[in-house]
Asker: 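Quick one: the structure is below, questions incoming.
Predicted, not measured: the structure shown is a model, and the values here were computed from it. The chains referred to below are lettered A, B, ... by the order of the sequence lines, with proteins before strands, and numbering in each begins at 1.
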Number of protein chains: 2
Amino acid sequence: MAKERNTEELIIEAAKKIFIKRGLAGARMQDIADEAGINKAMLHYYYRNKEKLFEIVFNEAFSKMMGRLGNILTKPMPLEEKIRMLVENYITNIAETPYLPIFVLNEINQQPEMMVKKISSQPAFPDIMLFMKEIIEAGKKGTIKEVSPVQLFMNIVSMCIFPFVARPLIQGVFQQDSVQFDMLIEERKKLVGDVIISWLKP
Amino acid sequence: MAKERNTEELIIEAAKKIFIKRGLAGARMQDIADEAGINKAMLHYYYRNKEKLFEIVFNEAFSKMMGRLGNILTKPMPLEEKIRMLVENYITNIAETPYLPIFVLNEINQQPEMMVKKISSQPAFPDIMLFMKEIIEAGKKGTIKEVSPVQLFMNIVSMCIFPFVARPLIQGVFQQDSVQFDMLIEERKKLVGDVIISWLKP
DNA sequence: CCTTTGTTTAACCAAATGGTTAAATCAAGT
DNA sequence: ACTTGATTTAACCATTTGGTTAAACAAAGG
């Protein structure tokens, strides 16, 4: 009955590559089939249609992008150390799949309603909520300056993700080749922490 | 001979709306024609083909996004004040056309080669280069901490632009309605300046 | 009035694209 | 060997889509 059970896997891997590169509108089913080295009909046999296939790819990409934040946030350690580790870890993780952010962000902007549904059904990011509470309490206690935890979060995530999203622009404007760009990113693993911590000093 | 000379303008306006909303791959020529309230053939009559039309829209969007930086950078004033004004002004400007950044960034990532060509032919952003020199000198003089001007620039632009690019995500995760989001942005006009300045304190 | 020249439209076209199907293939189970 | 049920393929289909064209229209100029 069952043949090689990895046709499904082949398809998903190929779909990831094509969708993330071209986006939902720009991706072609034929290209995904070619990338996987299989017949186009197999895509529909295993995953019904383009949207269903896209949904799987997108959900995984989305989880990957968000999940990387959580696992740091929960660990118990001094706040400053935690923020520094969060930044370093997050940048390192993104650098492994640098095209994920622009893909996820663009598709989200293409269908903002999807976001509302997806978020509403999800566990509401308890890690992030806990971290925000920690920030508020540290502010009241005087350990750090009192700041809006949402703004803090936006600042951290902005400085971690944006360089990857704007990579071709940055390389163009500042005339940086790929090696130089990677060095900038490496430097930011500490630098972004510095920026945030200096801002939070009471 | 000539009828209403604003058909060309109608087309451009419609093209902007559709391209910025859907991207190059997602935009449909028929939708642009409908938006402009004219016959589809007119698009080709005035602008040859989809790519030519897109190029016009993209170039204007790109210039708009970059140009907004320059006009602040050149004015002579104390560095701290200049940075604060730059941030406030840039955020205000982006807020007027909040969909431009994700559009420009996504299309750039879709065709990174185009970036190289476009940048190479442009005046190389002399405003930005001057500003970077000013940062280096202020660092040597001890007015501010010695930092990489490229990193400084990335930090500023990241915190200014990213919130707009990630808007649906931010609203979802932090359960912010549109009014609340606008308030966050308003707050950032000063806050981002604070973050940068505190980091630059010697 | 009629010619001329730029503008606009409806109809049309070929290629691309997402999706389907009927037949072929393959791997057990008997 | 034969049956059975899942898997795979080539050919096909309907729709969409970017682009074209021939004819209609409109506004001067003579």
Asker: With a 4.0 Å limit, can you tell me whether A:Thr7 has a side-chain N or O closer than that to the phosphate oxygens OP1/OP2 of D:dT8?
Answerer: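 Yes, because at least one side-chain N or O of A:Thr7 sits under 4.0 Å from OP1 or OP2 of D:dT8.
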
Asker: Is a side-chain N or O of B:Lys21 found less than 3.5 angstrom from the main chain of B:Gly26, in a donor-acceptor match?
Answerer: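 Judged by distance alone, no pair lies under 3.5 Å.
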
Asker: Can you name the closest pair of heavy atoms from A:Pro163 and A:Arg188 and give their distance?
Answerer: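 Heavy atoms only, the tightest pair is CG-NE, 3.5 Å.
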
Asker: Does a distance-only test, which skips hydrogens and angles, find a donor-acceptor pair under 3.5 Å between the side chain of A:Lys50 and the base of C:dG19?
Answerer: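 Flag unset: no donor-acceptor pair detected.
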
Asker: What are the two closest heavy atoms between B:Ile94 and B:Cys160, and how far apart are they?
Answerer: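 In terms of heavy atoms, the two residues are closest at CD1-O, 4.3 Å.
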
Asker: Please report, rounded to the nearest Å, how far the P atom of C:dG19 is from the CG atom of A:Asn49.
Answerer: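 Answer to the nearest Å: 5 Å.
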
Asker: So, A:Asp34 versus A:Gln30: side-chain donor-acceptor pair below 3.5 Å or not?
Answerer: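 The answer is yes; a qualifying pair exists.
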
Asker: Rounded to whole angstroms, how far apart are CG on B:Asp34 and C1' on C:dT9?
Answerer: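 In whole Å, C:dT9 C1' lies 14 Å from B:Asp34 CG.
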
Asker: Indicate whether OP1 or OP2 belonging to D:dG19 is found under 4.0 Å from a side-chain N or O atom of B:His44.
Answerer: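 So the side-chain polar atoms of B:His44 do come within 4.0 Å of the phosphate oxygens OP1 or OP2 of D:dG19, strictly under.
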
Asker: Side chain to side chain contact (heavy atoms under 4.5 Å, CB included), that's the test. Do A:Phe174 and A:Phe181 meet it? Break it down for me.
Answerer: CA-CA 10 Å; A:Phe174 299 115; A:Phe181 181 83; over 6 Å; no

Asker: Short of 4.0 Å, heavy atom to strand atom, which residues of residues 19-33 of chain B count as contacting DNA chain D?
Answerer: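 Heavy-atom cutoff 4.0 Å gives B:Ala27, B:Arg28, B:Met29.
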
Asker: Rounded to whole Å, please give me the gap between CG in A:Asn6 and P in D:dT8.
Answerer: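 Distance check: A:Asn6 CG to D:dT8 P gives 9 Å.
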
Asker: With no hydrogens and no angle check, do the side chains of A:Asn109 and B:Arg167 hold a donor and an acceptor under 3.5 Å apart?
Answerer: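 No, no side-chain donor-acceptor pair sits under 3.5 Å.
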
Asker: Whole Å only: how far is the CE atom of B:Met42 from the P atom of D:dA24?
Answerer: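 One finds 17 Å between P of D:dA24 and CE of B:Met42, rounded.
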
Asker: For A:Leu10, does its backbone N or O pair with a side-chain atom of A:Glu13 as donor and acceptor, under 3.5 Å?
Answerer: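 Not at all, since once roles are kept as given, no pair shorter than 3.5 Å links the two residues.
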
Asker: Over how many whole Å does the gap from B:Asn39 atom CG to C:dA10 atom P extend?
Answerer: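 After rounding, the reported distance stands at 6 Å.
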
Asker: Return the nearest nucleotide to the side chain of A:Tyr45; candidates are C:dT8, D:dT9, D:dT7.
Answerer: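 The listed nucleotide nearest to A:Tyr45's side chain is D:dT7.
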
Asker: Could you check which of D:dT20, D:dG19, D:dT9 has an atom nearest any side-chain atom of B:Ala41?
Answerer: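 Ranking D:dT20, D:dG19, D:dT9 by closest atom to the B:Ala41 side chain puts D:dT20 first.
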
Asker: Roughly how many Å is it from CG in B:Leu43 to P in D:dG18, rounded to a whole number?
Answerer: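 These atoms are roughly 10 Å apart.
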
Asker: Please tell me which of the listed nucleotides, C:dT9, D:dT8, C:dT8, lies nearest to the side chain of B:Ile38?
Answerer: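 Output: C:dT9.
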
